[in-house]
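For reference, the structure discussed in these notes is given below.
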Amino acid sequence: MPSDLVIVANRLPVDRVQLSDGTPGWRRSPGGLVTAIEPVMRAGAGTWIGWAGGTDQGLEPFEDDGMHLVPMSMSAEDIERFYEGFSNGTIWPIYHDLVAKPEFHRVWWDAYVSVNRRFAQKAAEVAAEGATVWVHDYQLQLVPQMLRDLRPDLRIGFYLHIPFPPAELFAQLPWRRQILEGLLGADLIGFQLPGGAANFVRLVRQRVGHKTHRDLVYLPDGRAVRAAAFPISIDAKGFEELAQSEPVAERAQEIREALGNPRKIFLGIDRLDYTKGIYARLRAYSELISDGHFDVEDAVFVQVAVPSREQVEQYRILRDEIDRLVGRINGDLGRIGRPAISYLHSSYPREEMAALYRAADIMVVTPYRDGMNLVAKEYVACRFENDGALVLSEFAGAADELRQAWLVNPYDINGMKSALLDAYRADSSELTRRMKAMRKTVRQHDVAAWAEEFMIQLSDVGFHHKQTRPAHHG
Ligand code: GDG
């Protein structure tokens, strides 16, 4: 049955798993996006199109908890060229301020075009007349225009979860023009921050030559495209309730005891990604111990590094670097049963995450560049007693809202050291003052409000009556 609402994302909200009887099945991967979109999806007979992970071919669409899910298959070559290659080896580093060096390969681009086309074709097949299609993220930037060519009747929204870079960096992309035009197929293009939206509009003016006014782009065909900021958030109530639950409270206590009941627990939780600033943060922390500000008996740093993109060379190098650094720090500074850093290269269920957030006194989030960073917001949501400190990079999107965090520049090791120390020494009235304000923000702007705002604005965009000039070739 055709759908009135179609979500197109690189991944489905479920993972392909082996069930206990050995047969393949599906397991829900609980993420904020699913939680946010679920009610809308159920109300409007929604369909979600995405890759299931792996290389299984010919997977059939199925129903899951009131949602219609359409798995897209990928060959090993698609994964290598489209996913690990163009998406994560070209776009990801450029969009994160060149924290790593991007690679440009024409065969990667060709794969990006053809996978985007397949997603667009699938969306065109399942969308009802006049339906709304919401396309997500940097892997699918060509889908909006491809879809519009196939189905001009649709209302198309696009949301970018990662930063949109300044024009000077974006300009390096050999396919910059195609990407801008791909995005302009949407009626509404959402970014995390106003800066990303402004970068986009400026680029469209410079490189494609369309007329723009504030957050609007006027296309020669009469369409007006809006580019605006919609800072994403979390299911704040869900996290708070989880953190308050008895099993999570007990587990948090268990974690503290297992760590030897130190006075303070520092915590980092990140995908093992070079944008997250894990190396610099651990160095800063270790120097606080070697400088004698505190001892391994007083404090411990728990770093959870969730395995990510392990087939990509730069990610393997990063893993080795962190392994070596943690080994050296613990070798130099640790004592028996008292490591300076408790390092976990693994992923955990949501309950364990909540227990870690509850156990931690100081949450340390220090990316070099991050679209938003949901971990920072999740920590805040879990601190229902208005305690705990957040040390947060000013280069995370979340820093725009969480102004009461200890804001740091992750490139400045000494600056990070003093922020960590201030957070360590802060008295409870200061912690409460800061946390209260941040909790208010996170509670008010949750992920449901985010999705609703995007959908309202998407239903509102349309046409203009401006004189335009034809696009130029730049
Ligand atoms: C991209 C952008 C933007 C992590 N480990 C486990 C686990 N997680 C969950 C966290 C959080 C999410 O994954 C990670 O989100 P982040 O925002 O921190 O970072 P990215 O993965 O880089 O996400 C980012 C985001 O998209 C949304 O737009 O904020 O800037 O880069 O929710 O809790 N969850 C579970 N086990 C884990 O081990 N269950």
Side-chain angles (χ1 to χ4, degrees), residues 1-31 33-34 37-38 41-42 44-89 91 105 107-129 131-151 154 156 158 182 307-312 347:
M1 217 181 54
S3 282
D4 292 327
L5 174 64
V6 181
I7 302 292
V8 189
N10 182 51
R11 290 300 298 263
L12 280 177
V14 292
D15 290 316
R16 191 92 173 128
V17 291
Q18 275 227 328
L19 300 176
S20 47
D21 62 1
T23 60
W26 300 99
R27 192 187 49 215
R28 200 58 177 276
S29 51
L33 192 57
V34 203
I37 295 168
E38 223 178 351
M41 293 280 279
R42 287 229 184 84
T47 294
W48 189 309
I49 298 172
W51 175 39
T55 52
D56 287 344
Q57 301 291 314
L59 294 168
E60 292 296 325
F62 60 99
E63 300 294 321
D64 181 84
D65 209 5
M67 273 192 289
H68 190 59
L69 304 186
V70 179
M72 298 294 290
S73 51
M74 296 244 190
S75 66
E77 194 178 271
D78 290 336
I79 296 175
E80 191 190 320
R81 295 179 177 179
F82 155 77
Y83 178 68
E84 294 160 1
F86 198 80
S87 299
N88 290 320
I91 295 287
H105 298 291
V107 289
W108 288 3
W109 166 254
D110 294 343
Y112 189 77
V113 174
S114 76
V115 172
N116 271 253
R117 181 157 292 122
R118 273 202 288 124
F119 275 73
Q121 281 162 347
K122 186 55 81 182
E125 258 172 50
V126 305
E129 177 71 25
T132 295
V133 180
W134 191 359
V135 183
H136 286 265
D137 227 1
Y138 65 102
Q139 302 92 348
L140 300 175
Q141 296 173 98
L142 306 178
V143 169
Q145 186 57 49
M146 288 172 168
L147 183 55
R148 182 164 300 281
D149 290 342
L150 295 166
R151 291 286 306 273
L154 300 175
I156 304 173
F158 180 91
S308 181
R309 306 176 192 168
E310 291 178 301
Q311 300 313 311
V312 180
S347 69

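Quick note: numbers below take in every heavy atom, side chains included, and nothing from hydrogens, waters or symmetry partners. Numbers here are sequence positions counted from 1.
In terms of heavy atoms, L147 sits closest to A123 at CD1-CB, 3.9 Å. Nearest heavy atom pair, residue A52 against residue L59, reads CB-CD1, 4.1 Å. Between A127 and V133 the shortest heavy-atom distance is CB-CG2, 4.2 Å. Scanning all heavy atoms of the two residues, the minimum distance from L140 to A9 falls at CD1-C, 3.6 Å. Between G182 and P144 the shortest heavy-atom distance is O-CB, 3.2 Å. In terms of heavy atoms, S347 sits closest to P307 at N-CD, 4.0 Å.
No more than 12 heavy atoms of other residues, nucleotides or ligands lie within 6.0 Å of CZ in R117, so this atom counts as exposed by the packing criterion. Residue-environment remark: CD (Q121) exceeds the threshold of 12 foreign heavy atoms within 6.0 Å.
Residues P61 and H68 form a side-chain contact, since some pair of their non-hydrogen atoms from C-beta on lies under 4.5 Å apart.
Checking side-chain atoms of S87 against main-chain N and O of F82 turns up a donor-acceptor pair under 3.5 Å. Side chain of D78 to main chain of S75: a donor-acceptor pair is present (N/O by atom type, distance under 3.5 Å, no hydrogens or angles). At distances below 3.5 Å, at least one donor-acceptor pair connects side-chain atoms of Y112 with backbone N or O atoms of Q141. A donor-acceptor distance shorter than 3.5 angstrom exists from the side chain of N116 to the backbone of Q139, with no hydrogens or angles considered. Looking at R151, its side chain does come within 3.5 Å of a backbone N or O of A128 through a donor-acceptor pair.
Pairs of residues two or more places apart, or lying in two chains, never qualify as ring-ring contact (aromatic ring centres under 6.0 Å, His included) while including a residue from residues 2-22. For residues 132-143, no pair satisfies salt bridge (charged side-chain N to carboxylate O under 4.0 Å, His left out), with sequence neighbours left out.
Residues forming a salt bridge (Lys or Arg N to Asp or Glu O under 4.0 Å) with D149 (at least two apart in sequence, or on another chain): none. Remark: E125 engages K122 in a side chain to side chain contact (heavy atoms under 4.5 Å, CB included) (not counting sequence neighbours). Partners of D56 according to the salt bridge (Lys or Arg N to Asp or Glu O under 4.0 Å) rule, which considers only residues two or more places apart in sequence or in another chain, are R16. For W48, there are no ring-ring contact (aromatic ring centres under 6.0 Å, His included) partners two or more places apart in sequence or in a different chain.
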Task: L154 vs R148, side-chain contact (heavy atoms from CB on, under 4.5 Å): CA-CA, chis, key distance, verdict - done: CA-CA 7 Å; L154 300 175; R148 182 164 300 281; over 6 Å; no
TODO: Check the pair V8, F158 against side-chain contact (heavy atoms from CB on, under 4.5 Å), reporting the backbone distance first and the verdict last.
DONE: CA-CA 9 Å; V8 189; F158 180 91; over 6 Å; no
Open item on the list: Go through it in stages, so that I can follow the logic: the residues are M74 and N10, the test is side-chain contact (heavy atoms from CB on, under 4.5 Å), and I'd like the CA-CA distance, side-chain angles, deciding distance and then a yes or no.
Closed with: CA-CA 11 Å; M74 296 244 190; N10 182 51; 4.0 Å; yes
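For the atom pair CZ (F86) and CD1 (I91), the distance works out to 4.0 Å, reported to the nearest 0.5 Å. To the nearest 0.5 Å, atom CD1 of residue I49 and atom CZ of residue R118 are 12.0 Å apart. To the nearest 0.5 Å, atoms CG (L69) and CD (E60) are separated by 13.5 Å.
Aromatic ring orientation, H105 versus W108: perpendicular (interplanar angle above 60°, classes split at 30° and 60°).
Remark: R11 qualifies as a cation-pi partner of W51 under the 6.0 Å distance and 45° angle criteria applied to the six-membered ring.
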